[in-house]
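Everything below concerns the one structure shown next.
Computed from a predicted model, the values in this text were never measured in an experiment.
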Amino acid sequence: MTELQGFGDQIALGAFTTLRTACTSLVLGIGVGLCGALAKRSRVQIIRWLADCYTTLVRGVPELLIILILYFGGTVALTTMFGRYVEVDAFAAGVFALTIVFGAYATEVFRAAIQAVPSGQIEAAQALGLSKFWMWHLVILPQMWRYALPGLGNLWLTLLKDTALISVVGLEDLMRKTSIAAGSTHDPLTFYSIAAGLYLLFTSVSLIGLTWLERRSDRGVRFAK
């Protein structure tokens, strides 16, 4: 089979788009998750309420529906605003949707990780006269990342696979490229198997990287026997 019947380059391009979408959503989602976790720990009740509504709503609605609502809803909103048809960019809509979803789950991961930091260390930092900034920078954040890493790793693996959903709004990702190839060649088994293999490759490499990060974050940590 020569260069996958001419679709080899297209599938490689789709794989790159999938990784670009996932990595962009990961970076933005971590920021949203941190903000959400801090909001849930806020002393202001309305801020905590808004954060609770956000995580409850997003985690209770299927990711595909969120993508469709943001894509078509954004198109309607922009068309109404400019008085002419304006279509939302598929990449932007996909990244926005996946960021919102990832951020909602990451909010709970970060919230639990912050709560796992021993209160005695926070009290010691306060006794030393550290400001809130330095207390977070030196005491809370380093340990929070160690506690949050396993959960974030699972969310990253889910995010990688969820990128396939964006193909429904026209994003030229791995799933859409292989679907086009499968339809054009009437050989769906081959091309969908290739797509499955590539997703498995991405997740396997990610697992190796996550294992390394977890071991690195545990260096110097003493575990009680």
Cluster link Trp145 to Ile140, ILVMFWY, side chain under 4.5 Å: yes
By side-chain contact (heavy atoms from CB on, under 4.5 Å) - contacts of Ser167 (at least two apart): Asp173, Met175, Arg176
Gap separating the CZ atom of Arg48 from the SG atom of Cys53, nearest 0.5 angstrom: 12.5 Å
Path from Tyr71 to Ile69 over hydrophobic side-chain contacts below 4.5 Å: no
Ser179 vs Phe191, side-chain contact (heavy atoms from CB on, under 4.5 Å): CA-CA, chis, key distance, verdict: CA-CA 8 Å; Ser179 296; Phe191 286 98; over 6 Å; no
Check: Tyr147 and Val109 side chains under 4.5 Å, non-hydrogen atoms: no
Where Ala106 and Gly29 come nearest, the two heavy atoms and their spacing: CB-O, 4.3 Å
Can you list, pair by pair, the side-chain donor-acceptor contacts under 3.5 Å of residues 196-204, counting residues two or more places apart and other chains?
residue : atom : partner : partner atom : Å
Thr203  : OG1  : Tyr199  : O            : 3.1
Thr203  : OG1  : Leu200  : O            : 2.9
Ser204  : OG   : Leu200  : O            : 2.7

Side-chain touch Phe7/Lys177, heavy atoms, less than 4.5 angstrom: no
Donor-acceptor pair, side chain of Tyr54 and main chain of Ile100, under 3.5 angstrom: yes
Any pair counted as side-chain hydrogen bond (donor to acceptor under 3.5 Å, both in side chains), so long as it reaches residues 148-164, sequence neighbours left out: Trp156-Ser206
Distance in Å, Thr21 OG1 paired with Leu98 CG, rounded so as to fall on 0.5 Å steps: 7.5 Å
Leu157 side, atom CG; Leu152 side, atom CG - distance, nearest 0.5 Å: 11.0 Å
Leu57-Val101 co-clustered via ILVMFWY side chain contacts under 4.5 Å: yes
Taking every non-hydrogen atom, the tightest pair across Gly170 and Ala90: C-CB, 4.1 Å
CD1 on Ile66 to CZ on Phe96, rounded to 0.5 Å: 10.5 Å
Test side-chain contact (heavy atoms from CB on, under 4.5 Å) applied to Thr17 and Leu174, step by step: CA-CA 7 Å; Thr17 301; Leu174 175 60; over 6 Å; no
Fellow cluster residues of Val44, listed by chain then number, with links counted only when side-chain atoms sit under 4.5 Å apart: Ile46, Ile47, Trp49, Leu50
same_hphob_cluster(Phe16, Ile180) at 4.5 Å side-chain heavy-atom cutoff: no
Shortest non-hydrogen separation from Val117 to Gln143 and the atoms involved: CG1-NE2, 3.9 Å
Evaluation steps, side-chain contact (heavy atoms from CB on, under 4.5 Å), between Phe91 and Glu172: CA-CA 9 Å; Phe91 177 78; Glu172 299 292 330; over 6 Å; no
Heavy-atom closest pair, residues Phe110 and Gly33: CD1-C, 3.5 Å
Over all atoms of both residues, closest heavy-atom pair of Ala93 and Val88: CB-CG1, 3.7 Å
Value rounded to 0.5 Å, distance of CG in Leu34 from CD1 in Ile30: 7.5 Å
Hydrophobic cluster membership, Met81 vs Leu70, 4.5 Å side-chain cutoff: yes
From OG1 (Thr99) to CG (Leu28), nearest 0.5 Å: 4.5 Å
Inter- and intrachain pairs under side-chain hydrogen bond (donor to acceptor under 3.5 Å, both in side chains), touching residues 31-42, at least two apart: Lys40-Asp52, Lys40-Thr55, Lys40-Glu108
Verdict with supporting geometry, Leu78 and Phe82, side-chain contact (heavy atoms from CB on, under 4.5 Å): CA-CA 6 Å; Leu78 290 176; Phe82 292 101; 3.9 Å; yes
Closest approach of Ile67 to Ala97 (non-hydrogen atoms, all atoms of both residues): CG1-CB, 3.6 Å
ILVMFWY cluster membership beyond Leu149 - transitive side-chain contacts under 4.5 angstrom: Trp212, Leu213
